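All values below were derived from every heavy atom in this structure, side-chain atoms included, with hydrogens, water molecules and symmetry-related copies excluded. Keep in mind that this is a model prediction, so the values were computed, not measured. Residue numbers start from 1 in every chain, and the chains themselves are labelled A, B, ... in the order their sequence lines are given, proteins ahead of strands.
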Amino acid sequence: MPRLTAQQVTELANQFLDLAQTVGDYRMVHHGQLTSGQNKKLSDLHWDILNYADTLYVTSAKLVMEDVEDTLQAINDITQDIRRTYKQLQKIQKVLDVAAAVVTLGAAIMSKSPVAVQSAIAELQEVWNAEDSD
Amino acid sequence: MSLKKQALLCSVAAILISFQSCVNLKNVSDYSTKSLKGIQKFEEVGYTFHQACLDRCLFEQIRKTEIVQTECPCAPNKAADSVTLLLYNTVKGYYDGLAKLSNNGTTEYKFDAMKKALTEGKFGDLEIKKEHVNAYSKISSIILRAATDAYRRKKLTTYVEEANQPIQVLLSAIELNVTANLKGMLDTKKQRLNSFYFDLTKDNSLSKYEKIKVIDEYNNMVLAISNKQRQIDAFGKTLRSISAGHQKLYDNRNKMTAKEVKEMLAGYASDIQNIIDEFNKLKNQEA
């Protein structure tokens with residue numbers, strides 16, 4: 001027999017909830033005509049049905065996992081791809097910054113100033129090692 | 001005007017035209033950003049399966065007027081919460097990525113460092129004028145933007161196509177767990193309160209004043225639960241709007257520059273914002 005889906009278990013839980021409501025309403029409407037023993041039995045029955053409804057809601061919530069396990073993986077894979085694409089686009093800015101630092105180094109070398117060359121190399125290293133932002 | 005200059009002007013014009021059409025990605029960005037905000041309202045629902053279990057367990061003790069030493073058996077409820085959280089984080093991750101990738105700021109590249117290097121650097125006899133550097137930087141920015149935006153649009157089309165079916169499944173699953181299962185447990189809580197407080201009002205050992213206090217207490221508790229349920233309903237509406245928006249995106253994925261798509265997505269983004277505002281209003285009422 002095929003197992004119930006999460007949606008079907010929720011529908012079952014809703015039916016138990018409606019049944020509980022019926023029992024609870026009956027007890028309250030006929031409270032004056034019931035003995036204290038009958039009242040307590042109906043009250044206990046009402047709470048038991050509510051507990052079954054709760055159990056079914058929780059079961060459905062867990063069953064959802066079985067219905068969507070493959071789907072979760074598919075979305076996770078796509079999300080990883082999106083992040084990779086985004087990081088690729090961000091790297092372009094780094095390439096531009098590195099190129100700028102290389103131009104600065106070029107100008108420093110042409111100026112034949114050791115101080116300027118040292119400073120330009122340090123700047124290039126800094127840009128190269130800069131972390132890619134998220 | 002020479003042929004060379006004419007060809008250059010035509011190429012720049014073509015690039016500018018394609019750049020203009022790129023701004024429609026903004027509506028995809030607006031929809032994704034609003035959807036992300038909408039999804040994140042899950043964190044503000046403020047009720048869990050575990051809490052529902054604890055409420056029931058402690059209430060049973062009050063009803064039976066007995067203190068139970070053992071811990072409430074809520075392991076299945078914690079598992080239900082883990083499932084819902086996993087679904088939420090997966091969907092949130094996807095929309096976060098989509099929002100970032102479709103954001104126009106992603107391809108706004110800065111040429112400032114390059115401009116500075118070219119204008120301030122001394123390159124022997126070569127003179128580089130500032131106005132030339134500015135002009136070439138602007139053209140480079142436009143060309144680079146056009147190329148990367150075309151790349152982005154192509155990638156977004158692929159992602160939306162691949163993700164549509166699974167994302168619809170996950171959004172439905174979250175809706176089932178929150179707006180049906182969790183909300184259902186709030187209904188069972190309401191019925192327990194109703195039954196318990198009804199018995200209190202029938203208790204002859206209570207004075208009339210005490211019965212009035214009991215009714216007042218009961219009404220306040222039921223109002224709080226109803227407010228929580230309305231928040232959950234608002235969250236459910238958000239999920240449905242997000243779902244419909246993504247479907248529309250999918251149906252029109254190869255027409256991301258169409259005016260109709262722009263207007264539709266703007267509509268969904270606006271719907272989602274309205275529902276977020278409704279949720280926030282309900283949340284403020286409970287504070």
Taking every heavy-atom pair that is under 4.5 Å apart, which of [options] has the most such pairs with chain B?
| options | value |
| --- | --- |
| Thr55(A), Ile49(A), Leu96(A) | Leu96(A) |
| Asp97(A), Val127(A), Thr59(A), Asp54(A) | Asp54(A) |
| Val103(A), Leu89(A), Leu105(A) | Leu89(A) |
| Asn76(A), Asp77(A), Ile92(A) | Ile92(A) |

Q | Ile62(B) and Phe196(B), any side-chain heavy atoms less than 4.5 Å apart | A | yes
(Q) For the pair Cys74(B)/Cys57(B), is the SG to SG distance below 2.5 Å? (A)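 Answer is no: Cys74(B) does not pair with Cys57(B) in a disulfide.
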Q.
Applying a heavy-atom distance below 4.5 Å, give me the residues of residues 11-26 of chain A that approach chain B, sorted by number.
A.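 Checking residues 11-26 of chain A against chain B gives Leu17(A), Ala20(A), Gln21(A).
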**Q.** Residues of residues 34-47 of chain A contacting chain B, heavy-atom criterion under 4.5 Å, by residue number
**A.** Ser43(A), Asp44(A), His46(A), Trp47(A)
Q: Report the C-alpha distance between Phe198(B) and His31(A) in whole Å, list the side-chain angles of each, state the deciding distance to 0.1 Å, and finish with yes or no for side chain to side chain contact (heavy atoms under 4.5 Å, CB included).
A: CA-CA 10 Å; Phe198(B) 172 80; His31(A) 186 266; 3.4 Å; yes
Q: Compute both the distance and the angle, then confirm whether Arg56(B) meets the cation-pi test with Phe59(B): under 6.0 Å from the six-membered ring centre, within 45 degrees of the axis.
A: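 Relative to the ring axis of Phe59(B), which defines the angle, Arg56(B) lies outside at least one limit.
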**Q.** From Tyr159(B) atom OH to Lys154(B) atom NZ, the distance as rounded to the nearest 0.5 Å
**A.** 11.0 Å
Q: Hey, could you give me the CG/CG distance between Leu63(A) and Leu4(A), rounded to the nearest 0.5 Å?
A: 8.0 Å
Q. Can you tell me if OH on Tyr52(A) sees more than 12 non-hydrogen neighbours from other groups inside 6.0 Å?
A.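 Not buried by this count: 12 neighbours or fewer within 6.0 Å.
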Q: Give a yes or no on this: more than 12 heavy atoms of other residues, nucleotides or ligands lie within 6.0 Å of atom CG of Asp203(B).
A: yes
Q: Sort out for me which of Ser82(B), Pro76(B), Ala173(B) touches chain A most, counting heavy-atom pairs under 4.5 Å.
A: Pro76(B)
(Q) If we define contacts as heavy-atom pairs under 4.5 Å, which of Cys53(B), Gly97(B), Pro166(B) has the most with chain A? (A)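 Highest number of heavy-atom pairs under 4.5 Å: Pro166(B).
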Q. Does Lys78(B) come within less than 4.0 Å of Asp81(B), counting only side-chain N to carboxylate O?
A.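 No, this pair does not count.
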Q | Lys/Arg-Asp/Glu bridge criterion (N-O < 4.0 Å) met for Lys100(B), Asp96(B) | A | yes
(Q) Which heavy atom of Leu36(B) sits nearest to which heavy atom of Lys92(B), and what is that distance? (A) CD1-O, 3.6 Å
Q: Report yes or no: does Arg253(B) contribute a side-chain atom to a donor-acceptor pair with the main-chain N or O of Thr158(B) at less than 3.5 Å?
A: no
Q: For Lys211(B) and Asn204(B), indicate whether the former's side chain and the latter's backbone hold a donor-acceptor pair under 3.5 Å.
A: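 It does not hold such a pair.
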Q.
Filter on side chain to side chain donor-acceptor pair (under 3.5 Å), then keep only pairs touching residues 116-128 of chain A, sequence neighbours left out; what's left?
A. none
Q: Apply the test side-chain hydrogen bond (donor to acceptor under 3.5 Å, both in side chains) to residues Gln7(A) and Asp67(A): give CA-CA distance (whole Å), side-chain angles for both, the deciding distance (0.1 Å), then the verdict.
A: CA-CA 10 Å; Gln7(A) 179 72 52; Asp67(A) 293 345; over 6 Å; no
**Q.** Portion of Asp70(A) that has a non-hydrogen atom of chain B nearer than 4.5 angstrom
**A.** neither
Q | Contacts with chain A made by residues 179-189 of chain B (heavy-atom distance under 4.5 Å), listed by residue number | A | Ala180(B), Asn181(B), Gly184(B), Met185(B), Asp187(B), Thr188(B)
Q) Using non-hydrogen atoms only, which part of Asn177(B) is less than 4.5 Å away from chain A: side chain, backbone, both, or neither? A) side chain
Q: Starting from the C-alpha separation in whole Å, work towards a yes-or-no answer on side chain to side chain contact (heavy atoms under 4.5 Å, CB included) for Tyr95(B) and Gln40(B).
A: CA-CA 10 Å; Tyr95(B) 274 99; Gln40(B) 284 172 318; over 6 Å; no
